[in-house]
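Note that the structure is a prediction, hence the values are computed from the model and not measured. Labels below follow one simple rule: chain letters A, B, ... track the order of the sequence lines, proteins then strands, and each chain is numbered from 1.
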2 protein chains.
Amino acid sequence: MDSRLEVTYAFSADSLDSAAERARAIALEQTVELPAGSYPERIEREVVARVGSIELESDDRWKATLSFDPRLVGGDVPQLLNLIFGNVSIHADVQVLHVEWPETLVQALPGPAYGIDGFRTLVPAAAGRPLLLGATKPIGLSVAELAKNCRDLARGGMDIIKDDHSLTDQATAPFRERVEACLDAVAGARRADRPAAHYFPNVTAPFDVLPERVETARGLGCRGIVVSPFLVGLDVLRWLAESSGMVVLAHPTHAGGLLSPSHGIAAPVLFGELLRILGADAVIFMNPGGRFVVTDEDADAIVMRLQQPRAGVRPALPVLGGGVDAETVPRWIERYGIDVMVLVGSSLYAQADLETASARLLDVVERCCHG
Amino acid sequence: MDSRLEVTYAFSADSLDSAAERARAIALEQTVELPAGSYPERIEREVVARVGSIELESDDRWKATLSFDPRLVGGDVPQLLNLIFGNVSIHADVQVLHVEWPETLVQALPGPAYGIDGFRTLVPAAAGRPLLLGATKPIGLSVAELAKNCRDLARGGMDIIKDDHSLTDQATAPFRERVEACLDAVAGARRADRPAAHYFPNVTAPFDVLPERVETARGLGCRGIVVSPFLVGLDVLRWLAESSGMVVLAHPTHAGGLLSPSHGIAAPVLFGELLRILGADAVIFMNPGGRFVVTDEDADAIVMRLQQPRAGVRPALPVLGGGVDAETVPRWIERYGIDVMVLVGSSLYAQADLETASARLLDVVERCCHG
């Protein structure tokens, strides 16, 4: 028999009895959405989530593990999200704390097509150290200005330069024109001692336009793309992993609704497991201590879960973002090792010259890793 | 000059100075995502959000109105979401309280293709009273069982019967087979004294499959569909309104991440304005007093904002869901008038016979409205 999809929810309750009642309410809400008994008896056995253990988590906070038949999902990602955190998202104070992903479900999803090994193959210059990710930005710059940023970042030694996540197809820098110019800029910035950097355009786009953006990027020779799955639906990650042929970098914008302290989906499950299982080759998350609400423990768990072996799913590259600079980068390398990518934006742009700033960052990273 | 997109954010701060600092941080985060000054001077004027009024909201809660150039969006819905509540979603305790939608932006989006008037035309039997919406459910039932539910609900007098939002393409009731059988069941249940009910299938589906589900529904003669935009990306609503040719009913599953009391997007803005402007003809939300976290004030505001005139955007039908029954329905009609749709699920299924239960509900509603 197939194993079941086990989801541990944390929620408020004032006694074991009321916790049990809430757990049963979640089991019904997330499957039949009907009062117990108002459906055929076989549906209770086959469809309604089963309530397993119920434990006190802390003070008035309880956790309950519910299990679902994975056949309720198949490989349908919107339905997976609906089953895990659908209508129950509109109940008060419910958080998905932990998920056990059954083999059948994981096998039905692509996972990363490239993963950490694929990134390493793409960027041989980064052997033995973290990859360096820069961004060309901000919105409002012309194509020529954005391309110049790509050139300077590449010359300075950044391995990959991505579009800022706000760059779509604005009139100031239309998509196709921007991709052509940025690819040219990066190719032209090749240094004699190393392979050229890569430019990843942002393919986040309207529903009916997104496929042609991906096709344009691939047709022009891009080896990777960046997408904001929380803006366009998480299933886009699965589709890109299956069909794009390019490395897929996931950006976290708009994810924060799910990251409240006692409501949503715990950051390690969301960033460390779900995005990887769906097919992100690299996952940008927010390093702790920056301007975003991520705790040290969550960041550690995200990194570990992206990197660790999982049957049938390639490891994905954790991308540290949100306030990393040349001063702090050695600490991150010490903490997380070299199998990460470091996204450095603000601290480079705050310096007079992007190329020099990038070169200084690369120097710090190389000295840190190669002594 | 075009008017600007004005967004009022509420957030915590302990003084006017720190509130002003947070407002400026949001202005930068949501546009350039760079430190002030590390970009050309014209970008400050043209791209960075402008901070307008800053006011104390209550205790340590402040609100600040920021304005954005709508050209940063064009008609790109993912970028609209990103601009309003993108990276800032990952800051602590920030809520979008209010939005002023500029004319150019509203005109670039379709709005409801049918709206309340379209629903009224589709369901002439409901003249002078709220429309009645039933659901065939739960997942796990066979196609024949789901079709029988449609028949019973239609015979009893429900105007529209939608798929449960968890029904996708599971093996127990594959999409095409289910749509054919449910359409037949509803047509066969036509009563001599009134037009046939309508069946709306759930087209929520994987990214690359959704268009063919819509095409199948249209090809088989459906006049409407239900979709869960928070599972597949809000832009799907815009696309459906522009291209499906069918009435579009939006389901709120998975929306709850955005509905925390002090974080996310205020329910009246999300359900009452955004979903309508994007193109939902009817919006299911959760009536207060049920099992969902919606206050009386929010529910009132959602209904009012969906119904009220707005230049260039048809009114959309508010759909009261989540615990409505024959006992409470007169109160809802008294509160919100007849231009609503009433979604009744659990209370019908809890009764022995769906047809009788539906007929009783219709009777209550008709007596309430026609005396």
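With a 4.5 angstrom heavy-atom cutoff, P40(A) touches chain B only via side-chain atoms. Both the backbone and the side chain of L81(A) come within less than 4.5 Å of a heavy atom of chain B. The contact between L259(B) and chain A is made entirely by side chain atoms (from C-beta outward), counting heavy-atom distances below 4.5 Å. In this structure, chain B has no heavy atom under 4.5 Å from any part of Q351(A). Interface residue H251(B): only side-chain heavy atoms are found under 4.5 Å from chain A. Proximity to chain B (any heavy atom under 4.5 Å) is restricted, for L210(A), to the side chain, taken from C-beta onward.
Taking both residues in full, the closest heavy atoms of D235(B) and P206(A) are given as OD2-CA, 3.1 Å, listed atom of the first, atom of the second, then distance. Taking each heavy atom of P138(B) and Y39(A) in turn, the nearest pair found is CG-CB, 4.2 Å. When all heavy atoms of A255(A) and S89(B) are compared, the closest pair comes out as N-OG, 3.5 Å. Closest heavy-atom contact between N82(B) and S166(A): ND2-OG, 3.1 Å. Scanning both residues, Q79(A) and I139(B), for their nearest heavy atoms gives NE2-CD1, 4.4 Å. Across H165(A) and N87(B), no two heavy atoms sit closer than the pair CE1-ND2, 3.5 Å.
Counting non-hydrogen atoms of neighbouring residues, nucleotides and ligands closer than 6.0 angstrom, the CD atom of E242(A) exceeds 12 such neighbours.
Residues meeting the ring-ring contact (aromatic ring centres under 6.0 Å, His included) test with H254(A), sequence neighbours left out: none.
Among V77(A), V88(A), I43(A), D164(A), the residue making the largest number of heavy-atom pairs under 4.5 Å with chain B is I43(A). Considering only heavy-atom pairs separated by less than 4.5 Å from chain B, the leading option among D208(A), V232(A), L258(A) is D208(A). Between chain B and the options A205(A), G74(A), P229(A), the largest number of non-hydrogen pairs under 4.5 Å is found for A205(A). Counting heavy-atom pairs closer than 4.5 Å to chain B, the top residue among L83(A), L80(A), L72(A) is L72(A).
Of the possible donor and acceptor atoms, one in the side chain of R42(A) sits under 3.5 Å from a partner among the backbone N and O of G140(B). With hydrogens and angles ignored, the 3.5 Å screen pairs no side-chain donor or acceptor of K137(A) with any backbone N or O of L34(B).
Contact check for T168(B) versus P78(A): no side-chain heavy atoms found under the 4.5 Å cut-off. Using a 4.5 Å heavy-atom cutoff, the side chains of Q30(A) and T253(B) are not in contact.
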